[in-house]
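Note on naming: letters A, B, ... go to the chains in the order of the sequence lines (proteins, then strands), and numbering restarts at 1 for each one. Keep in mind it's a predicted model, so treat the numbers as computed, not measured.
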Amino acid sequence: MRWTKTLIPTLREPPAEAEILSHKLLLRAGLIRKVAGGVYLFLPLGLRALHKIEQIVREEMDRAGAIEVLMPAMQPPEIWQQSGRYETARDVLFKVKDSGNREWVLSPTAEEVITGTAAAEINSYRQLPKNFYQISVKFRDEIRPRFGLMRAREFIMKDAYSFDVSDEAATASYQKMYDAYARIFERCGLKAFPVEADTGVIGGKFSHEFMVPAETGENEVVFCEACGYAANIEKATSGIPKTAAREIGAAIEKFATPGVVTIEALTKEPCKVPANRQIKTLVYIADSKAVIILIRGDDQLNEAKFAGKIGTTVFRPASAEEIFSSLGAHPGSLGAVAETLQRRSPTRPEGQTTPPAGSETGAPRILADERLRGANGMTTGANEDGFHFRHVSMERDIKVTEWFDLRTVTAGEPCAKCGKPLKIRRAIEVGHVFKLGTKYSEKFGAEFLDESGARRLSVMGCYGIGVTRTLQAVIEQCNDKDGIIWPLSVAPYRVCITPLNVAPESEAMKLAEKLHAELSARGVDVILDDRDERPGVKFKDADLVGFPIRLAIGEKSLAKGEVEIKPRGGALQSVKTGTAVEAVMKLVSKIAAADASPL
RNA sequence: CGGAGCGUAGCUCAGCUUGGUAGAGCACCAGCUUUGGGAGCUGGCUGUCGCAGGUUCGAAUCCUGUCGCUCCGACCA
């Protein structure tokens, strides 16, 4: 390819729309352009890099035994209602209407379509296992798209769906994908690592996310360097001890706390109650009902864990008014001591716009964090503004409906497996594998007949890779002050030939043409910078775009019968013109070996 | 959804407070010079000042509305 034949609109200055480095580089290097918020155009160079990643994904998926299909981006809402995700995923589901006012769903993933297809087409255990995958445009109605390709409304994703005869077989399929993912990201030059993850709106039994460490990542990962434990903070647990029990038997006692409405304030004079002896009371509205959450004063609620326990994704913190109408006090004086709840629950003010909080019996569900189990001598709000209780015993004074792990792990807590201190760092989620079980098989009747003629449900798994996000993650991880440093495997072109004189009859240009032809013939992606620009401009652009190898042909070295070969970010070497092609091939091998070196 | 900020040339931005014929740098075009790390000089092209209303003799500038973009928040009572 010749530079002047394609379009590489590099920018000297980063556009104001870009905040993080990889986004700036995507724009500056002329890889993408924004068409609308969260919606991007891939320019020729960006598309080439994207295709390289897609090809790696294809090769590894094929190698793992998956088969490629292509499913529609627009899907009938009925199947989404059938799976239940029309409701549970409604916040992210993109919906459009056609001219006949018929509604369509723009697919964020394709469990519904593929499971329906499997139900129709797979009838016998002889046809299993199967793993279908596709690489296609996906849609999410993001509340707030940001960071370029990181969180976009429209993006490219590889999604795969496995069907197996048994739980054990499904676990094997899961493991195959897990291994394939590790290879895929390694081949893309990414230092990605798997972490235990929450299953979110996809549902399922367990899952792992593949994470690329990056300060700009939107996920937090808890990990243990000693034993290798790693989990998304939404899922992570630790070996932190439960709250120590204190004097048994002290009677519960109300005391005045005028103006004290925060955990922090209660720790100070005159109350002086340490945060770890306080019970924090939170109120959420889940499926239009109030749910009380109790966690220790010095802990923080983990909403993802909470969401996983209550069985609905439709929830939000209650407003101060809702809280007052259901508990009789404002935030800051809340508690779950049984007598203060019974007093309120059965009757409710007339004309209330908010549905009465609580279950049929009138008592709200009370979910408590495991760390509070058995705690006594605690302090909590009295459901009366300006008053708290002390000497509260979890068991004696509070009727906890369910105990769960609801708190968020913090750095330094002991690892649950080995006891060493946990660390936390930010990361970009580039892949996610789920063991789904039979959740979707049941909804769509994906059954088959086993050897004995019995009807059984397929056991499923699903597996996603954010292809466009992976592209940006590569840039986020591979760059320096001058621009991108592409791994060989993903580079739009591996070699950039830079003649400093581009006059057609010049010796430099003739040699450039010859080397371009020879390298192309050897199967190397190569671009010839035939622009009539000053050397500085061409070098700056080559660095910005990040070609792994630059081959410069200037008068000075040409006079010595040499050309210059320089790996991006590495040392320049002069070689005789006659050996230039071999030298480049050797350098390609060397870089390839370095890229593939153990992480 | 709440809050804040910003919309002026392809890009980065000034001008707005105090209303009076639209600006700079880079980019682009032409010419000359230059030619190994984003060159210099001369000349030139480039605008729905986001959009719609309003105030005014006159609006990029003031007012209202609206759309878009960016950031923060939407657990920690």
Side-chain angles (χ1 to χ4, degrees), chain A residues 7 9-20 23-24 27-28 30 33-39 91 143-148 151 220 233-234 257 259-266 275 278-284 292-307 315-324 327 329-336 369 380-381 383 385 388 406-408 410 481-483 498-503 506 508 529 531-545 550 552-559 562-564 566 572 574:
Chain A
L7 180 66
T10 56
L11 300 172
R12 188 180 300 206
E13 295 179 272
E17 72 191 53
E19 184 74 9
I20 65 172
H23 188 193
K24 289 176 181 174
L27 292 164
R28 286 191 60 210
R33 285 293 182 265
K34 184 174 72 174
V35 173
V39 178
D91 288 344
I143 302 170
R144 190 176 154 200
R146 59 182 138 179
F147 301 151
R151 181 165 292 278
E220 285 189 289
I233 195 151
E234 296 180 344
T257 51
V260 175
V261 294
T262 62
I263 300 285
E264 171 76 11
L266 201 55
Q278 297 186 40
I279 302 169
K280 189 188 294 187
T281 307
L282 309 175
V283 183
Y284 272 67
I292 294 175
I293 301 162
L294 304 180
I295 55 175
R296 214 169 82 171
D298 55 340
D299 279 341
Q300 298 191 356
L301 173 68
N302 187 322
E303 272 202 2
K305 289 182 180 176
F306 171 63
F315 68 89
R316 59 175 172 81
S319 67
E321 298 74 45
E322 290 166 329
I323 289 172
F324 186 76
L327 295 186
H330 290 98
S333 301
L334 305 180
D369 181 64
T380 191
N383 283 339
D385 285 351
H388 280 75
L406 295 170
R407 64 184 292 278
T408 304
T410 58
K481 64 177 171 46
D482 294 317
T498 307
L500 301 188
N501 182 345
V502 295
S506 69
D529 188 354
R531 293 176 301 168
D532 186 12
E533 286 285 358
R534 298 171 61 81
V537 172
K538 300 172 86 154
F539 291 149
K540 284 287 185 191
D541 270 349
D543 286 349
L544 174 59
V545 173
R550 190 187 73 203
I553 308 172
E555 313 263 317
K556 287 178 191 168
S557 46
L558 210 49
E562 294 177 341
V563 297
E564 291 165 2
K566 183 177 176 301
L572 185 146
S574 293

Novice: List in chain and number order the residues that pass side-chain hydrogen bond (donor to acceptor under 3.5 Å, both in side chains) with A:R531, two or more places apart in sequence or in another chain; answer none if no residue qualifies.
Specialist: A:D529, A:D541
Novice: Identify, with sequence neighbours excluded, every residue that meets side chain to side chain contact (heavy atoms under 4.5 Å, CB included) alongside A:A552.
Specialist: A:F539, A:R550, A:E564
Novice: Checking A:L282 now: which residues fulfil side chain to side chain contact (heavy atoms under 4.5 Å, CB included) with it, not counting sequence neighbours?
Specialist: A:K280, A:Y284, A:I293, A:I295, A:L301
Novice: Please classify the nucleic acid contact of A:L544 as base, sugar-phosphate, or nothing, using heavy-atom distances under 4.0 Å.
Specialist: base
Novice: Sticking with atom P, work out how far B:A14 lies from B:A9, rounded to a whole angstrom.
Specialist: 12 Å
Novice: Run the salt bridge (charged side-chain N to carboxylate O under 4.0 Å, His left out) test against A:K24 and tell me which residues pass, sequence neighbours left out.
Specialist: none
Novice: Students often get this wrong, so: under 4.0 angstrom with heavy atoms, is A:R296 touching a base, only sugar-phosphate, or nothing?
Specialist: nothing
Novice: Looking for any heavy atom pair under 4.0 Å, which part of the strands does A:D543 touch: base, sugar-phosphate only, or nothing?
Specialist: base
Novice: For A:R28, report the nucleic acid contact type (base, sugar-phosphate, nothing); a contact means any heavy atom under 4.0 Å.
Specialist: base
Novice: Just call it for A:A16: base, sugar-phosphate, or nothing, with non-hydrogen atoms closer than 4.0 Å on any strand.
Specialist: sugar-phosphate
Novice: Please work out if A:T408 contacts a base, only the sugar-phosphate, or nothing of the nucleic acid, heavy-atom cut-off 4.0 Å.
Specialist: nothing
Novice: Within the 4.0 Å heavy-atom criterion, would you say A:V537 contacts the bases, only the backbone, or no part of the nucleic acid?
Specialist: base
Novice: Where the side chain of A:K540 is concerned, which of B:A74, B:U12, B:G37 is the nearest nucleotide?
Specialist: B:G37
Novice: What residues, two or more places apart in sequence or in another chain, satisfy side chain to side chain contact (heavy atoms under 4.5 Å, CB included) together with A:A16?
Specialist: none
Novice: Return the pairing partner of B:U35 with a 3.5 Å limit on both distances, Watson-Crick or G-U wobble; otherwise return none.
Specialist: none
Novice: Residues two or more places apart in sequence or in another chain: which of them pass side-chain hydrogen bond (donor to acceptor under 3.5 Å, both in side chains) with A:D369?
Specialist: none
Novice: With sequence neighbours excluded, what pairs up with A:D298 under the side-chain hydrogen bond (donor to acceptor under 3.5 Å, both in side chains) test?
Specialist: A:R296
Novice: Applying salt bridge (charged side-chain N to carboxylate O under 4.0 Å, His left out), name anything that partners A:R407, two or more places apart in sequence or on another chain.
Specialist: A:D299, A:E413
Novice: Can you tell me how far P of B:A9 sits from CG of A:L11, to the nearest Å?
Specialist: 15 Å
Novice: List in chain and number order the residues that pass side-chain hydrogen bond (donor to acceptor under 3.5 Å, both in side chains) with A:R151, two or more places apart in sequence or in another chain; answer none if no residue qualifies.
Specialist: A:E142, A:E218
Novice: Return the polar atom pairs (N/O with N/O) between nucleotides 27-35 of chain B and the protein under 3.5 Å, or none.
Specialist:
residue, atom, partner, partner atom, Å
B:U34, O2, A:R534, NH1, 2.6

Novice: Which pairs, protein N/O on one side and nucleotides 40-44 of chain B N/O on the other, fall under 3.5 Å?
Specialist:
none

Novice: Assign A:D541 to base, sugar-phosphate, or nothing according to its heavy-atom contacts below 4.0 angstrom with the strands shown.
Specialist: base
Novice: Classify A:P9 by what it touches in the nucleic acid, base, sugar-phosphate, or nothing, heavy-atom distance under 4.0 Å.
Specialist: nothing
Novice: Confirm from the modelled atom types if A:R531 and B:G38 form a donor-acceptor pair under 3.5 Å, side chain to base only.
Specialist: no
Novice: Protein-nucleotides 65-69 of chain B N/O pairs closer than 3.5 Å?
Specialist:
residue, atom, partner, partner atom, Å
B:C69, OP1, A:G37, N, 3.1
B:C69, O3', A:K34, NZ, 3.2

Novice: Using a 4.0 Å heavy-atom cut-off, does A:R407 contact any base of the nucleic acid, only the sugar-phosphate backbone, or nothing at all?
Specialist: nothing
